[in-house]
Protein chains: 2
Amino acid sequence: MLRDGSGSTEELSTTGRVADVLRERIVEGALPPGTALREVAVAAELEVSRNTLREALRSLASEGLVVQTPNRGVSVRALTAAEVRDIYRTRRVLETQAATESAVADEAHFTAMADAVAAKERAERARRWTEAGTASLHFHQALVAVLGSHRIDEFFRTLLAQLRLAWAASRDEERFQRGWAARDRELFELLRRGHRTQSVGVLLVYLEDSERQVLDGLRQARGAPPDDRSERNARGRSPRADAT
Amino acid sequence: MLRDGSGSTEELSTTGRVADVLRERIVEGALPPGTALREVAVAAELEVSRNTLREALRSLASEGLVVQTPNRGVSVRALTAAEVRDIYRTRRVLETQAATESAVADEAHFTAMADAVAAKERAERARRWTEAGTASLHFHQALVAVLGSHRIDEFFRTLLAQLRLAWAASRDEERFQRGWAARDRELFELLRRGHRTQSVGVLLVYLEDSERQVLDGLRQARGAPPDDRSERNARGRSPRADAT
DNA sequence: TCGCCAAGGATTGTTCAACAAGGGTCAATG
DNA sequence: CATTGACCCTTGTTGAACAATCCTTGGCGA
């Protein structure tokens, strides 16, 4: 869903398929941050050998969706506050520059952004929050695409996937998505009209607010459950901590 | 050498070590672009199992140093002209922004840059071109570091590693390195003094020239050897095409 | 009761051997 | 000379095995 749109007849290796499935589950929140991915269990459930699973996990690790601790295996990444700030620092760098250059952007870029914004509005009206989240990410992805670098696009994609991890962690995505369609729209219109400095200003406030919201959600998710340290119980006796 | 300086007592898994060795060989040019990495041969030479090797290769693939073609295995990446342009587009985005923000940069960043520039000058005087190349990369790495994002640093590191692939491909690194110390120095002094717009201008010319040079080297490397298409003979009968 | 220590179990890291599938080579054939 | 087909090499994937490491748990002593 956050994957690049290479689409339909994609012949994928087993390892690639496994990586896709796990990525999906992680990004969608089916596997909350901190969840330990025990190799035998996951391999059995996905009906692949442990070796192929390990290859897939290594891919996910290099995308930052999963962390690998020596002799303790991999677990779904639990972003720290510092890491969230790091992500937003990166977003500011890339998105403000994109906003600045969008004045001379290709028309295709604007239609892509417009599509994403429209999709977001539809999703929000329908109260389909997960879809709304995806659309929002697509909007910003389209914005960064005006920089015209495939590598940046790819990098930004992994960045947003990590960020989405934080959303999915919080129980109600609604709180994260509600009301942002309007702000996406506002930002888009400014970009569209080529109001360079103004759009950058709005963008910075946008990102500031978004960052604060994610950080709040993080603090709350960490504080609310009495004995859930989201780290400690990754291994051990947590009711459904493995991926089966 | 281009790895992050976590340094000394680093306990690394076998997979990690294998990845490091191969990364080194690739970046240093011991394995020229297009070289096919046959699993059994490489695994035997490095004295690891095929499975472990495959995990390491997957890491390298996600760093872009190696390409994975289904059913045909992995081979050292051979950058196309379009990809080189893509890399420089990315560099422009990150480095110009870094130059702009360097006005308010931490002092530590400047000392890092100064160290790199000094190292580059020493290496160039000593005519140690490989070292000179490394130093130059460190300078730009230090520049981008002022953006203050760990993720950008990491991203930029893989970017430069890929670029270095193109240098190493050309037979004489001297042509790539000679004379650039002065330009690095010039750029650094401008940054140091906080001449914002001027340093950005110089930087853009710098990158423009560098890009042209790499592209020229690429064209030449592709044109010069009569029957070396750097792709065709990756597999097949090339004298020393595998990594043994 | 509390804390320390050893035994035991579980999980990862790594290896080995095997086989199917796909691709390339090369020679025979039309 | 182009095509076909057999052959071989290489990759993709599996299953089982073992050592090393970590966590848990129960026993022991204070």
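Hydrogens, waters and symmetry mates are skipped; everything else that's a heavy atom, side chains included, is used. Lettering of chains follows the sequences in order, A, B, ..., and the numbering in each one begins at 1.
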| request: Could you check A:R157, A:R23, A:R58 and say which one makes a salt bridge (charged side-chain N to carboxylate O under 4.0 Å, His left out) with A:E63? | output: A:R23
| query | Does B:T14 put a side-chain nitrogen or oxygen below 4.0 Å from OP1 or OP2 of C:dT14? | reply | yes
| query | So, A:R17 and A:D20, do they make that salt bridge, N to O below 4.0 Å? | reply | no
| request: Write down the distance between CD (B:E55) and P (D:dG12), rounded to a whole number of angstrom. | output: 14 Å
Interface polar pairs with nucleotides 19-21 of chain D, N/O, under 3.5 angstrom:
{"residue": "D:dT21", "atom": "O3'", "partner": "A:N71", "partner atom": "ND2", "Å": "3.4"}

| field | Residues A:T134, A:R164; criterion side-chain hydrogen bond (donor to acceptor under 3.5 Å, both in side chains); working and verdict | value | CA-CA 9 Å; A:T134 304; A:R164 175 139 202 188; 2.7 Å; yes
| What is the distance from CZ of A:R54 to C1' of D:dT14, rounded to the nearest Å? | 15 Å
| task | Taking only the side-chain nitrogens and oxygens of B:T15, find out if one of them lies under 4.0 Å from OP1 or OP2 of C:dG13. | result | no
| query | Can you tell which of A:T14, A:L22, A:T15 makes a side-chain contact (heavy atoms from CB on, under 4.5 Å) with A:L53? | reply | A:L22
| request: Can you tell me the distance, in whole Å, between the CG atom of B:L57 and the P atom of C:dT14? | output: 15 Å
| query | Looking at side-chain heavy atoms only, is the closest gap between B:T80 and B:E83 below 4.5 Å? | reply | yes
| Hey, is A:R92 close enough to A:E211 for a salt bridge, meaning N to O under 4.0 Å? | yes
| message | Which residue in the set A:T158, A:T90, A:D86 passes side chain to side chain donor-acceptor pair (under 3.5 Å) when paired with B:R151? | response | A:D86
| task | Please state how far atom CZ in B:R72 lies from atom P in D:dT11, giving the value in whole angstrom units. | result | 11 Å
| Between B:T52 and C:dG13, does any side-chain N or O lie under 4.0 Å from OP1 or OP2? | no
| request: Round to a whole Å and report the spacing from CG of A:L46 to P of D:dT14. | output: 11 Å
| task | Grab the CG-C1' distance between B:L12 and C:dT14 for me, whole Å please. | result | 15 Å
| field | Interatomic distance, B:E47 CD vs C:dT14 P [rounded to whole Å] | value | 15 Å
| Expressed in angstrom and rounded to an integer, what is the separation of A:Q68 atom CD from C:dT14 atom P? | 10 Å
| said: Once salt bridge (charged side-chain N to carboxylate O under 4.0 Å, His left out) is applied, do any residues pair with B:D115, and if so which ones, sequence neighbours excluded? | reply: none
Strictly under 3.5 Å: I want the nitrogen or oxygen pairs between protein and nucleotides 17-19 of chain C, one per line.
{"residue": "C:dA18", "atom": "N6", "partner": "B:R50", "partner atom": "NH1", "Å": "3.4"}

| request: Would you name the heavy atoms of A:S75 and A:G34 that are closest together and state the gap between them? | output: CB-O, 4.0 Å
